[in-house]
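These notes concern the structure reproduced below.
Letters A, B, ... are given to chains in the order of the sequence lines, protein chains preceding strands, and every chain is numbered from 1.
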Number of protein chains: 2
Amino acid sequence: MRSYGQYCALARALDVVGDRWALLVVRELLQGPRRYGELLAGLPGIATNLLADRLRSLEDSGVVTRDQGAEYALTPWGEGLHDVVYALGRWARPLMSRPAGTDEFRSHWLSSFVVALFEGVDPRRGDLAVEIHVGERPMALISSGGRVHLTAGTTSTPDITLTGPPDAVIGLIAGAVSRGDAEHLGVVIDGDARALSRLRPDSAVSPRLSPPRQPEASGKRP
Amino acid sequence: MRSYGQYCALARALDVVGDRWALLVVRELLQGPRRYGELLAGLPGIATNLLADRLRSLEDSGVVTRDQGAEYALTPWGEGLHDVVYALGRWARPLMSRPAGTDEFRSHWLSSFVVALFEGVDPRRGDLAVEIHVGERPMALISSGGRVHLTAGTTSTPDITLTGPPDAVIGLIAGAVSRGDAEHLGVVIDGDARALSRLRPDSAVSPRLSPPRQPEASGKRP
DNA sequence: CTGCATCCGGGCCGATACTG
DNA sequence: CAGTATCGGCCCGGATGCAG
């Protein structure tokens with residue numbers, strides 16, 4: 001990428017990770033080292049040459065290292081982008097109320113929602129195990145000791161199992177969609193959905209900054 | 001910008017602010033409403049049509065509003081990008097040790113450094129007033145009550161006055177450059193530079209994540 | 001003079017094909 | 001599986017024009 005040529009920390013950061021797809025590559029690697037093919041699968045829409053370009057560029061900048069045998073991983077400095085990625089994710093939460101539509105979804109992206117929605121320890125949070133079937137692979141959401149984890153795979157004794165389209169399942173977990181609405185949107189609930197409220201001891205719907213007004217569907221301005 | 005087409009908060013955030021220059025426009029507006037010409041002056045290198053494009057796009061997304069008479073300002077949602085911008089700035093701090101070189105600099109960009117370096121209240125921090133002459137306009141750094149502020153303009157009774165190139169002055173304030181080195185780099189110090197250590201009660205040099213290795217100057221890979 | 005719109009050259013992006 | 005090669009098209013960037 002062409003440098004902004006500004007002696008400013010933000011500009012220099014964007015010189016490194018401001019390229020298209022760069023932060024999404026980091027998003028994938030924040031979940032652990034990945035092979036090239038796994039990255040391709042987790043980044044639907046990227047062209048293979050672009051992925052190769054980004055990986056080289058991020059490697060040159062010291063964000064990514066290539067382990068022996070084409071395993072890519074973040075450097076310690078690169079892992080510092082965790083705060084950036086999740087700050088952006090939290091900021092964009094109002095945008096997630098728009099339905100997924102034709103957007104792609106991968107089950108491991110759920111972890112960004114879990115971090116954004118349930119970050120930190122809240123001792124008033126109840127214990128709960130939710131198995132989530134949305135996307136290619138099942139995921140397990142575990143609330144224990146006031147903290148919420150998300151792991152890949154199934155769980156032995158889930159309190160609730162949710163299956164359905166990603167936006168409706170996520171809305172149900174976040175408390176933004178009622179149980180009835182979620183079922184109407186195609187979510188199959190196995191277990192007592194009311195227990196989901198244990199995840200949100202504030203009882204209120206998660207606070208939301210003033211949502212952006214939807215862009216007019218009336219096409220481009222004259 | 002072409003949408004990533006992913007139902008993921010990060011991807012949707014980047015659909016809105018992932019365009020080139022977009023976050024730098026936000027950086028400027030985080031300091032308050034600005035006219036078109038002021039934005040141009042604060043964004044050296046941007047083409048005027050690109051600035052117009054970005055402002056329209058950010059307006060359509062609900063990040064920016066255009067006040068009466070072409071004053072641009074952030075919406076409340078847009079101001080939520082504060083965390084994102086400063087997270088990126090903090091992450092890029094190791095990149096600032098590379099000298100400014102031919103990079104542009106604007107004095108109001110100093111505020112990002114102040115936020116990154118001295119964020120939060122530390123009661124052990126001593127009081128101090130530093131007048132900084134670097135860039136077009138003088139800035140005043142005020143440490144009071146354990147908190148560090150930065151304002152545009154001069155201060156009546158500065159303890160220290162610093163004048164010189166931005167990288168050396170900033171290095172001196174951050175404690176990464178010694179007084180002697182700073183003067184050798186062209187910084188003129190009026191007052192007792194040792195008092196600058198009052199800003200950093202930890203006494204140690206600001207903690208730094210593992211710095212990125214410099215990209216090899218040996219040109220592009222074969 | 002400010003606040004854009006228009007008009008190109010060049011480079012990055014994106015899809016497909018291809019190779020070890 | 002892990003990329004490289006190629007090519008059209010769009011976005012970016014710089015210069016210029018123009019209206020209030």
Side-chain angles (χ1 to χ4, degrees), chain A residues 1-6 11 14-26 28-29 32-61 64-73 102-104 136 219-222, chain B residues 1-6 11 14-26 28-29 32-61 64-73 102-104 136 219-222:
Chain A
M1 150 173 286
R2 194 185 156 83
S3 167
Y4 285 106
Q6 299 184 358
L14 294 175
D15 283 345
V16 173
V17 294
D19 261 319
R20 190 162 167 76
W21 292 104
L23 274 181
L24 295 184
V25 172
V26 171
E28 295 297 309
L29 292 177
R34 290 290 133 97
R35 306 267 303 271
Y36 189 87
E38 298 176 296
L39 290 174
L40 267 183
L43 293 164
I46 198 174
T48 71
N49 57 349
L50 276 192
L51 177 57
D53 281 356
R54 292 298 170 272
L55 288 171
R56 248 200 308 270
S57 155
L58 291 172
E59 195 185 349
D60 289 345
S61 317
V64 162
T65 54
R66 144 196 255 138
D67 284 5
Q68 75 285 359
E71 272 243 328
Y72 295 94
T102 63
D103 283 0
E104 297 274 351
E136 335 83 71
K220 320 202 164 175
R221 58 183 62 219
Chain B
M1 150 172 285
R2 193 185 155 83
S3 166
Y4 285 106
Q6 299 184 358
L14 293 175
D15 283 345
V16 173
V17 294
D19 261 318
R20 190 163 167 77
W21 293 104
L23 274 181
L24 295 183
V25 172
V26 170
E28 295 297 308
L29 292 178
R34 291 290 134 97
R35 306 263 305 271
Y36 188 87
E38 298 176 296
L39 290 173
L40 267 184
L43 293 164
I46 198 175
T48 71
N49 56 349
L50 276 192
L51 177 56
D53 280 356
R54 293 297 169 273
L55 287 171
R56 249 199 311 268
S57 155
L58 292 172
E59 196 187 347
D60 288 346
S61 316
V64 162
T65 53
R66 144 196 257 137
D67 284 6
Q68 73 285 356
E71 271 244 329
Y72 295 94
T102 63
D103 283 2
E104 297 273 352
E136 337 81 73
K220 319 201 165 177
R221 60 181 64 217

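- For the pair Val17(A)/Leu58(A), a side-chain contact is recorded, criterion being any heavy-atom separation below 4.5 Å from C-beta on.
- Counting to the nearest Å, the P atom of dA5(D) and the CG atom of Leu50(A) are 15 Å from each other.
- Closest to the Arg20(B) side chain, of the nucleotides dG13(D), dG14(C), dT4(D), is dG13(D).
- Note: Glu28(A) CD to Tyr72(A) OH = 14.5 Å, rounded to the nearest 0.5 Å.
- Considering only side-chain atoms of Thr48(B), the nucleotide from dA15(D), dC13(C), dG3(D) that sits closest is dA15(D).
- The shortest distance between the side-chain N/O atoms of Trp21(A) and the OP1/OP2 oxygens of dC12(C) is not below 4.0 Å.
- Within 4.0 Å (heavy atoms only), Ala70(A) reaches sugar-phosphate atoms of the nucleic acid but no base atom.
- Put simply, CG on Asp15(A) is 15 Å from C1' on dC12(D), counting in whole angstrom units.
- As rounded to whole Å, 8 Å separates atom P of dG13(D) from atom CD1 of Ile46(B).
- The nearest whole Å value for the distance from the CG atom in Leu14(A) to the P atom in dC12(D) is 14 Å.
- Residue Asp19(A) is classed as a sugar-phosphate contact, given heavy-atom separations below 4.0 Å to backbone atoms only.
- Distance, Leu24(A) CG to dG14(C) C1': 15 Å, rounded to whole Å.
- Taking only side-chain nitrogens and oxygens, Arg56(A) never comes nearer than 4.0 Å to OP1 or OP2 of dA2(D).
- For Arg54(B) and dG13(D), the shortest distance from a side-chain N or O to OP1 or OP2 is not below 4.0 Å.
- Taking only side-chain nitrogens and oxygens, Tyr36(A) never comes nearer than 4.0 Å to OP1 or OP2 of dT4(D).
- A close approach under 4.0 Å does occur between a side-chain nitrogen or oxygen of Tyr72(A) and OP1 or OP2 of dG3(D).
- Side-chain atoms of Asn49(A) stay outside donor-acceptor range of the base of dG3(D), with no qualifying N/O pair under 3.5 Å.
- Put simply, CZ on Arg34(B) is 17 Å from C1' on dG3(C), counting in whole angstrom units.
- For the atom pair CG of Leu55(B) and CZ of Arg34(B), the computed distance is 13.5 Å after rounding to the nearest 0.5 Å.
- With rounding to whole Å, Asp53(A) atom CG is found 9 Å from dC12(C) atom P.
- The distance from atom CG of Leu51(A) to atom C1' of dC12(C) is 16 Å, rounded to the nearest whole Å.
- Taken to the nearest 0.5 Å, the OH atom of Tyr4(A) stands 13.0 Å off from the CG atom of Asp103(B).
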- Task: Go through the steps for Trp21(B) and Asp53(B) under the test side chain to side chain contact (heavy atoms under 4.5 Å, CB included), then give the verdict.
- Result: CA-CA 10 Å; Trp21(B) 293 104; Asp53(B) 280 356; over 6 Å; no

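- The side chain of Arg2(B) places no N or O atom within less than 4.0 Å of a non-bridging phosphate oxygen (OP1 or OP2) of dC12(D).
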